[in-house]
Protein chains: 2
Amino acid sequence: MPKIVDHDARRRLIADALMRVAAEQGLEAVSLRHVAAAAGVSAGMVQHYFHTKDEMMAFALSAVMDRSEARIRAAVEALGADPPPRLLLRTLIAALLPLEGTAMADGRVALAFLAYAAVRPEAGQSLRPGTSQMVDFVAGLLPEPHGAESATALLALMEGLGVYLLGGQLTPDQALATLDAQLDLLFGPPGATLTR
Amino acid sequence: MPKIVDHDARRRLIADALMRVAAEQGLEAVSLRHVAAAAGVSAGMVQHYFHTKDEMMAFALSAVMDRSEARIRAAVEALGADPPPRLLLRTLIAALLPLEGTAMADGRVALAFLAYAAVRPEAGQSLRPGTSQMVDFVAGLLPEPHGAESATALLALMEGLGVYLLGGQLTPDQALATLDAQLDLLFGPPGATLTR
DNA sequence: GTCTTTCCAATACAACTGCAATGCAAACGC
DNA sequence: GCGTTTGCATTGCAGTTGTATTGGAAAGAC
């Protein structure tokens with residue numbers, strides 16, 4: 001067994017390049033050679049690590065999900081232990097919104113994959129467990145009278161804000177104001193609690 | 001001036017075919033020849049009516065917007081004059097959600113174009129006025145205490161529900177329940193008014 | 001040393017892409 | 001009639017696509 005290389009590191013390197021290409025020019029521009037060029041490697045090497053393009057796409061999709069999971073974890077951990085629910089929710093959602101540079105790039109890639117998965121059911125299947133898990137988590141943070149529908153609504157709101165941010169229909173400020181308004185709706189009027 | 005044909009009808013015919021291809025296989029599968037085949041015409045004819053692919057895409061994008069506008073109009077007109085605001089909002093949003101067959105197909109196309117426009121600013125520009133106009137309209141329908149943020153939130157919620165519906169994360173029933181929960185939040189608890 | 005397995009670069013190939021060019025038929029103005 | 005303009009089908013072309021194949025260099029196993 002010669003020439004040991006970190007197999008998974010190579011694949012992540014390639015997936016990163018793919019995401020860069022997709023963020024800048026869309027998934028349609030993702031080809032073996034483009035990705036290879038963006039990664040600074042030969043096309044043959046890409047082929048060595050991904051026997052087929054579908055395989056590469058599937059790996060990149062899972063890499064996208066890993067990234068957003070990491071984004072969540074980082075935001076939550078920065079809050080310390082036992083943060084107030086409303087602040088936790090706001091931080092968590094804000095961390096997932098495409099508000100600035102790198103978050104926007106990730107958001108563009110995620111949006112591209114959403115459209116990609118919408119016409120490829122087998123690819124979309126891997127996305128489902130993540131959101132249902134999120135719904136449960138969010139539902140646990142909402143104050144009493146609210147059920148699972150409010151949690152779903154909050155996440156759908158997040159998704160929609162993301163779309164509008166990427167489309168340029170909303171500025172980051174507007175998106176955050178909208179998010180805060182929704183949180184007001186869920187947690188009660190602004191001055192009514194100390195969680196603001 | 002010989003052989004008069006309805007120029008615009010041809011272009012709509014082609015755009016319809018494009019949307020069918022995009023709904024089934026995504027925008028990446030949209031090529032001159034595929035679209036021509038789906039429309040049952042020759043590739044040369046497509047070229048005759050659209051000098052370039054970008055031109056064809058731009059026309060199809062505007063056709064998508066026309067469709068959703070027509071969808072809104074049909075839903076609103078079916079309600080008759082002076083419907084209660086809450087019912088009007090619910091009807092309007094439900095009409096735009098990809099809940100069943102043809103609405104889902106249109107939704108997939110719309111999602112594809114959203115991702116398309118996210119990496120092509122000049123294409124996305126045409127989408128902006130529509131939503132800002134919608135925000136104003138929705139804001140006018142909401143009861144007193146609510147401002148533009150709530151209108152934006154409602155539309156973002158709609159967008160997010162659409163994404164989740166297309167991704168299979170939500171069933172139509174769940175999406176509608178979520179929408180109703182949000183309307184409860186905005187219009188007051190279920191039994192408090194007669195608008196339910 | 002040699003062997004053998006892994007890594008990767010290069011090339012080849014058929015299929016497809018958008019687009020330009022060509023040619024012809026239909027139909028209206030005259 | 002005739003000419004001219006429009007509608008469209010066909011073909012050609014250069015470039016790109018995904019994938020298969022080939023070949024060789026590097027490095028552990030022996």
Side-chain angles (χ1 to χ4, degrees), chain A residues 1-22 24-61 63 112-113 115-117 119-120 122-123, chain B residues 1-22 24-61 63 112-113 115-117 119-120 122-123:
Chain A
M1 272 175 209
K3 213 192 223 174
I4 45 161
V5 300
D6 187 339
H7 224 85
D8 213 58
R10 296 283 202 209
R11 287 158 73 108
R12 280 198 306 270
L13 174 83
I14 295 170
D16 275 12
L18 188 157
M19 287 162 74
R20 247 175 290 136
V21 172
E24 283 164 25
Q25 321 182 49
L27 272 194
E28 316 169 29
V30 169
S31 73
L32 293 194
R33 292 174 244 261
H34 275 163
V35 170
V41 303
S42 80
M45 168 158 160
V46 174
Q47 242 183 136
H48 183 71
Y49 287 100
F50 297 106
H51 301 44
T52 173
K53 189 189 176 183
D54 280 345
E55 207 177 303
M56 178 173 72
M57 297 293 275
F59 185 86
L61 177 53
F113 269 108
Y116 178 84
V119 290
R120 271 175 203 81
E122 79 283 359
Chain B
M1 271 174 208
K3 215 191 222 174
I4 45 163
V5 300
D6 186 339
H7 225 85
D8 212 56
R10 297 285 203 208
R11 287 159 72 110
R12 279 198 307 270
L13 175 82
I14 294 170
D16 275 12
L18 188 157
M19 288 161 75
R20 248 174 289 137
V21 173
E24 283 164 25
Q25 320 182 50
L27 271 193
E28 317 168 28
V30 169
S31 73
L32 294 193
R33 291 173 244 260
H34 274 164
V35 171
V41 303
S42 80
M45 168 156 159
V46 174
Q47 244 182 131
H48 183 70
Y49 286 101
F50 297 106
H51 301 46
T52 172
K53 187 187 175 182
D54 280 345
E55 206 178 304
M56 179 174 70
M57 297 293 275
F59 184 86
L61 177 54
F113 269 108
Y116 178 83
V119 291
R120 271 173 205 81
E122 80 283 359

Whole Å only: how far is the [atom1] atom of [X] from the [atom2] atom of [N]?
X: R33(A); N: dC13(C); atom1: CZ; atom2: P; result: 14 Å
X: L32(B); N: dG18(C); atom1: CG; atom2: P; result: 4 Å
X: L13(A); N: dC7(C); atom1: CG; atom2: P; result: 15 Å
X: H7(B); N: dC8(D); atom1: NE2; atom2: C1'; result: 12 Å
X: M45(B); N: dA20(C); atom1: CE; atom2: P; result: 19 Å
X: H48(B); N: dA21(C); atom1: NE2; atom2: P; result: 16 Å
X: K53(B); N: dG15(D); atom1: NZ; atom2: C1'; result: 14 Å
X: D54(A); N: dG18(D); atom1: CG; atom2: C1'; result: 10 Å

Practice prompt. Give one of base, sugar-phosphate or nothing for F50(A), where a contact means two heavy atoms less than 4.0 Å apart.
Written response: nothing

Discussion item. Does V30(A) reach a base, just sugar-phosphate, or nothing at all? Heavy atoms under 4.0 Å.
Written reply: sugar-phosphate

Item to complete: Kindly say whether E55(B) contributes a backbone atom to a donor-acceptor pair with the side chain of T52(B) at under 3.5 angstrom?
Response: no

Worksheet item: Does a sphere of radius 6.0 Å around NE2 in H7(B) hold more than 12 heavy atoms from other residues, nucleotides or ligands, not counting ones at 6.0 Å or beyond?
Response: yes

Worksheet item: Is any side-chain nitrogen or oxygen of R10(B) closer than 4.0 Å to OP1 or OP2 of dC8(D)?
Response: yes

Item to complete: Give a yes/no on whether any side-chain N or O of S31(A) is located under 4.0 angstrom from OP1 or OP2 of dT16(D).
Response: no

Discussion item. Less than 6.0 angstrom from the centroid, inside 45 degrees of the normal: does R11(A) satisfy that with respect to the ring of F59(A)?
Written reply: yes

Worksheet entry | Min side-chain heavy-atom separation F50(B)-M57(B) under 4.5 Å | no

Worksheet item: Salt bridge between D16(A) and R12(A), side-chain N to carboxylate O under 4.0 Å?
Response: no

Practice prompt. Side chain of S42(B) only, please: which of dA9(D), dG18(D), dC7(C) is the nearest?
Written response: dA9(D)

Response to the item:
Of the candidates dC8(D), dG18(C), dT19(D), the side chain of T52(A) sits closest to dT19(D)

Item to complete: Between Q47(A) and H34(A), just flag the one whose closest nucleotide in DNA chain D comes earlier from the 5' side.
Response: H34(A)

